[in-house]
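Written out below as structure tokens is the structure these notes cover.
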Amino acid sequence: MNHPKSPPKLTLDQESVAAWVFLTPALFLMAIFIIWPIIYLIYLSFTQGSFTRSGTEWVGLTNYLRLIVSPDFWQVIGNTIYFTIATVIPSLIIPLALAVMLDQTLMLRAFLRTAYFIPSITSLVAVGLGWRWLFQTDGPVNGFLSQIGFDPIPWLSSTVWAMPILILLSIWKQLGFNLVVFLAGLQTIPINRYEAAELDGAGPWQKFWYVTLPGLQPTLVFATVTTVIFTLRSFEPVYVITGGGPLNSTNLLVYYIYEQAFSQFDFGYAAAAATLLLAIALVLVYFQLQIFGEDQASK
């Protein structure tokens, strides 16, 4: 009886060749659409003029010096820091609490998971238009406040209230994605850890603090990194709802870059600001991964 022959095993060199064959198309696309634009962005930040090579003039660090001495730029940096901190913390705490509750045997769990996830797949432009309608001076929110005896609030024309509206929208938009991520992370925690904690007399809070949180550490790092990146690149809500106003109070870094490039046509200056944004994002991601690596090494 003839037995089927097993396929020949690849040697190390053959495996390397096969790997490069499969990786080359992806690396080629990455080089065209990611690496080259980043290199050209950095080059553009040292020039002044248009996108074309003949229309640019090398100015060295001038654009970066202009950023340093610009009061508007530092106001935008302050706005971005405020927006990021106020968005990221609730965008992690609220979905985590909801995920822990939904992970239990609750009625309508599948429906609630879907309902919470819907905001993350909706268009930011459409959502922004909806929120602008809700919070305009004669909109439904002020109509409700009038019904219960409060004076209307100029939400979008107030330097106090405009930014919280954008923060609330960003939290709502990110909630569903992080909820699904945390639910997936909870499934990876072995049930015997909770059983052992119960045998030791641990209550719900002790189980959450000493079992759930350590088990979710890789998931927390991933959720934190993605939420920070999502927040730093926020553009559509500012563009649709406030336009950076009033008095530059909601102008975030990505919208500031857009204004400088496509309203002022100051491409070199905008590229310098974009390069700084890229550097900030990379530094934040690096520190988050370093913290996670140290915690893992200490275990």
Do the non-hydrogen side-chain atoms of [X] and [Y] ever get within less than 4.5 Å of each other?
X    : Y    : answer
L168 : W131 : yes
L276 : L67  : yes
F73  : Y269 : yes
L253 : N79  : no
I121 : F117 : yes
T212 : Y194 : yes
T80  : V254 : no
I153 : F135 : no

Mutual orientation of the aromatic rings belonging to W161 and W155 [parallel < 30°, tilted 30-60°, perpendicular > 60°]: perpendicular
Tell me the closest heavy-atom pair linking V211 and A197, and the distance in Å. CG2-CB, 4.1 Å
Answer with yes or no after comparing the ring centroid distance for F230 and F177 against a 6.0 Å cut-off, counting only values under it. no
Distance (rounded to the nearest 0.5 Å) between [X] [atom1] and [Y] [atom2]:
X    : Y    : atom1 : atom2 : value
L277 : I77  : CG    : CD1   : 8.0 Å
R193 : I191 : CZ    : CD1   : 11.5 Å
S234 : L169 : OG    : CG    : 8.5 Å

More than 12 foreign heavy atoms under 6.0 Å from [atom1] of [X]: is that the case here?
X    : atom1 : value
W172 : CH2   : yes
W58  : CH2   : yes
D151 : CG    : no
L247 : CG    : no

Backbone N/O of [Y] and side chain of [X]: donor-acceptor pair under 3.5 Å:
X    : Y    : value
N178 : L92  : no
D266 : Q260 : no
T62  : V59  : yes
S170 : L166 : no
T84  : L232 : no
S249 : P246 : yes

By the ring-ring contact (aromatic ring centres under 6.0 Å, His included) test, which pairs, at least two apart or in different chains, include something from residues 232-254? F235-Y239, F235-Y255, F235-Y258, Y239-Y258
How far apart are the C-alpha atoms of Q264 and E259, what are their side-chain angles, what is the distance that settles it, and do they pass the side chain to side chain contact (heavy atoms under 4.5 Å, CB included) test? CA-CA 6 Å; Q264 306 298 326; E259 278 191 320; 5.6 Å; no
Would you please name every residue forming a ring-ring contact (aromatic ring centres under 6.0 Å, His included) with W133, sequence neighbours left out? none
Please enumerate all residues that pass salt bridge (Lys or Arg N to Asp or Glu O under 4.0 Å) together with R132, with sequence neighbours excluded. none
